[in-house]
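These notes are about the structure you will find just below.
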Protein chains: 2
Amino acid sequence: MPAESGVTIYQVAARAGVGIATVSRALRGSGPVSRRSREKVERAVRELGFRPSQLGVSLARGKHAANGIVFPDLSGPYYAEVVIGYEETASRLGRSVLICSTRGRDDIGATVLGFASRVDGLVILGHDVDDTTIAAVLAARLPTVLLARPAVGTADTLNTENRRSAKALAEHLISHGHRALRFVGDPARAPDVRERYAGLRAGLRAHGLPCRAPLRCALTDEAGRYAVHELLKSERPDALVCANDEVALGALQAAAEVGLRVPADVAVTGWDDVMAARHTGLTTVRQPMRDLGAKAAAALDELISGVRITPRHDVLPTEPIIRRTCGPH
Amino acid sequence: MPAESGVTIYQVAARAGVGIATVSRALRGSGPVSRRSREKVERAVRELGFRPSQLGVSLARGKHAANGIVFPDLSGPYYAEVVIGYEETASRLGRSVLICSTRGRDDIGATVLGFASRVDGLVILGHDVDDTTIAAVLAARLPTVLLARPAVGTADTLNTENRRSAKALAEHLISHGHRALRFVGDPARAPDVRERYAGLRAGLRAHGLPCRAPLRCALTDEAGRYAVHELLKSERPDALVCANDEVALGALQAAAEVGLRVPADVAVTGWDDVMAARHTGLTTVRQPMRDLGAKAAAALDELISGVRITPRHDVLPTEPIIRRTCGPH
DNA sequence: TTGTAGGCGTTATCAT
DNA sequence: ATGATAACGCCTACAA
């Protein structure tokens with residue numbers, strides 16, 4: 001006795017004194033139904049509290065009428081915003097949204113494959129799902145959109161711009177007199193981080209400045225705090241260009257702990273523009289996260305409905321947000 | 001051509017030279033199968049890349065093997081954390097998770113009812129869904145858990161403690177010499193806020209102090225900022241007890257704008273312990289949000305599997321987190 | 001305009 | 001141990 005009232009289309013038909021086909025047509029508007037029949041059906045539906053079983057509908061149609069989204073986590077505003085944008089658009093397009101977090105899972109491949117068998121299309125967010133698994137999903141002919149992740153096979157791809165904004169950020173810092181810019185984060189761990197680091201390097205190079213090796217750490221405030229704290233014991237960079245806001249927030253804490261003023265003694269920048277960034281005056285780069293989700297839903301819809309068959313690869317622009325932590329106004 | 005490979009159990013049976021019943025049994029382990037048959041089936045499955053259609057399985061079993069969760073939004077860490085906790089536990093219990101945001105929707109009732117017909121059980125988070133709709137869901141005999149929301153009918157209920165912690169917070173402020181405590185937020189808009197306000201009043205009353213009317217505003221940083229900014233033009237409370245962290249963050253901004261120091265000139269407290277709270281030194285109250293989601297999933301599982309039939313109403317404890325903004329350590 | 005019948009892909013019963 | 005066969009609830013030619 002799942003969701004549906006338990007009432008079947010047969011009972012409605014019986015009560016209305018018509019055939020099930022008429023009930024179906026009346027409900028879906030999928031064929032001619034006399035005014036009289038329609039009214040009888042509507043009344044029977046009301047009296048019985050009939051709600052069509054999604055299971056029946058889906059099986060008959062061969063469609064789940066549901067899309068999936070796979071993401072690494074929902075803590076931290078980044079992914080959550082994407083999911084919200086996705087849900088908003090998907091539901092407007094009449095599709096339910098199934099979620100699947102890979103957080104702390106050991107069998108990601110199998111999980112995603114199972115998940116894929118419950119949806120008409122899939123969005124995969126981030127790089128927790130390996131290429132092999134994605135290839136398998138594509139082999140099952142499941143429409144797929146990859147988000148914030150390098151391309152695989154024929155899947156659509158949707159990314160946000162990293163390099164250009166990172167370079168702009170670096171040049172902004174340089175123009176304010178900063179010279180020793182140090183990147184905080186691990187380029188090896190994520191393509192996005194790699195590109196941000198590349199942008200920083202490009203900015204430095206353009207001004208004939210050297211670039212030190214990145215200060216590697218995980219993308220959490222605690223990791224950033226620890227790494228930067230250790231760093232500041234022995235070195236004094238002009239600016240800390242952090243891989244994301246959380247790391248930057250950790251860096252701010254570390255600076256405070258060792259008695260350094262921001263931005264007077266050291267500048268700090270992040271990436272994402274999370275809420276905490278606004279409230280700490282953190283200079284950062286804003287990504288259109290909700291848009292990203294919405295665009296993914298729209299792209300997936302095109303793929304599922306067959307309106308488009310050739311893959312598309314989009315890159316959404318990002319925008320540096322200059323605040324207090326990167327220097328005098 | 002949804003997720004599943006397109007291969008059916010009949011093709012597998014044919015290839016393996018057995019009946020479909022044997023294939024089903026072999027795959028599910030739901031009955032005796034000879035070693036020999038099992039091997040033939042396994043090989044056929046592998047060769048054909050067979051994956052059972054969830055639609056077929058669900059229809060035959062009369063179960064969606066999926067739970068739903070309805071929430072107001074995912075921006076802001078509160079709901080996102082709950083959803084994560086929920087997904088984690090639900091998926092461990094072998095159930096997929098469907099999400100439904102009510103954000104910016106006009107037809108919430110209809111949306112939720114439609115949503116309900118796609119799941120075996122439902123968690124409803126917050127008070128965006130009205131009692132009538134919930135009653136309708138319950139009438140459809142759908143197992144339901146209400147989260148952070150007053151009880152309705154026979155649904156399970158799971159809440160976090162508000163009043164006691166609010167009172168404790170008030171008494172902490174009072175013990176630090178604060179007298180003119182002002183509540184910021186609108187008790188009329190949410191039961192949680194109402195209880196937090198009640199707790200504040202109780203704390204003041206216990207010390208023979210008067211309690212002013214709440215400074216009403218929406219639960220966003222912008223609303224809090226504006227309301228407090230206006231307030232501080234004409235009044236000088238000792239402490240601002242905010243309905244949640246976002247409002248409190250807005251209050252911090254407002255205080256800074258009018259040149260007031262926190263906590264020297266005015267203390268500020270929030271509620272939720274979001275990331276930004278940690279990084280601004282905001283005194284707040286921590287709620288076990290992920291736990292809340294996990295417990296909801298577990299409760300729902302009991303209801304769905306029929307292990308328990310009588311409703312349960314739990315209240316999870318909360319914990320004041322004393323930081324910088326409420327006064328000298 | 002309407003109803004009958006077949007099909008969607010499983011599971012599960014029940015003879016064998 | 002195994003395989004027909006009947007559900008499951010709906011949609012949709014097709015025939016009337």
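Note that the structure is predicted; figures quoted are calculated from it, not measured. Order of the sequence lines fixes the chain letters, A, B, ..., with proteins taken first and strands second; residue numbering starts at 1 for each chain.
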> L74(B) and E81(A): side-chain contact (heavy atoms from CB on, under 4.5 Å), yes or no, with the steps?
Replying inline: CA-CA 7 Å; L74(B) 228 47; E81(A) 285 286 316; over 6 Å; no
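- For E87(B) and R105(A), the salt-bridge test passes: some basic side-chain N is under 4.0 Å from an acidic carboxylate O.
- Side-chain contact of Q287(A) with T160(A): a donor-acceptor pair under 3.5 Å is present, judged by distance alone.
- For S37(B), taking side-chain heavy atoms from C-beta onward, the closest of the listed nucleotides dC8(C), dT2(D), dT10(C) is dT2(D).
- Nearest-nucleotide assignment on DNA chain D puts the 5′-proximal partner with G19(B), out of G56(B) and G19(B).
- Computed from coordinates, the K40(B) NZ to dA1(D) P distance equals 14 Å when rounded to whole Å.
- Rounded to an integer number of Å, the gap from CD1 of I9(A) to C1' of dT4(C) is 14 Å.
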Distances under 3.5 Å between protein N/O atoms and the N/O atoms of nucleotides 12-16 of chain C, please, pair by pair.
none

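- Comparing the local axis fitted to the first five base pairs of the helix from dT1(C)-dA16(D) to dT16(C)-dA1(D) with the one fitted to its last five gives a bend of 40°, rounded to 10°.
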>> Between V18(A) and V41(A), is the side-chain contact (heavy atoms from CB on, under 4.5 Å) condition met? List the steps.
In response: CA-CA 8 Å; V18(A) 301; V41(A) 168; 4.0 Å; yes
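- A side-chain donor from one of R290(B) and S75(A) sits under 3.5 Å from a side-chain acceptor of the other.
- Side-chain contact annotation: T111(B) with D107(B), donor-acceptor N/O pair under 3.5 Å present.
- In this entry the distance linking CD of Q54(A) with C1' of dG9(C) reads 17 Å, nearest Å.
- At dT2(C), one or more side-chain N or O atoms of S34(A) fall inside 4.0 Å of OP1 or OP2 (strictly under the cut-off).
- Side-chain nitrogen and oxygen atoms of T22(B) include none within less than 4.0 Å of the OP1 or OP2 phosphate oxygen of dT2(D).
- Separating the CG atom of L55(A) from the C1' atom of dA7(D) is a distance of 14 Å, rounded to the nearest angstrom.
- One atom, CD of Q11(A), and another, C1' of dG9(D), lie 11 Å apart when rounded to the nearest Å.
- Distances shorter than 4.0 Å separate none of the side-chain N or O atoms of T8(B) from OP1 or OP2 on dC8(C).
- Rounded to an integer number of Å, the gap from OH of Y10(A) to P of dT4(C) is 10 Å.
- Side-chain N/O atoms of T157(B) and R312(B) include no donor and acceptor closer than 3.5 Å.
- With sequence neighbours left out, S96(A) forms a side-chain hydrogen bond (donor to acceptor under 3.5 Å, both in side chains) with R118(B).
- Straight-line distance from the CZ atom of R118(B) to the C1' atom of dC10(D): 14 Å, rounded to whole Å.
- A salt bridge is absent between K63(A) and D120(A): the closest approach of a Lys/Arg side-chain nitrogen to an acidic carboxylate oxygen does not fall below 4.0 angstrom.
- Contact between the side-chain N/O atoms of S58(B) and the OP1/OP2 oxygens of dT10(C) is not found at any separation under 4.0 Å.
- Counting to the nearest Å, the P atom of dT10(C) and the NE2 atom of H64(B) are 18 Å from each other.
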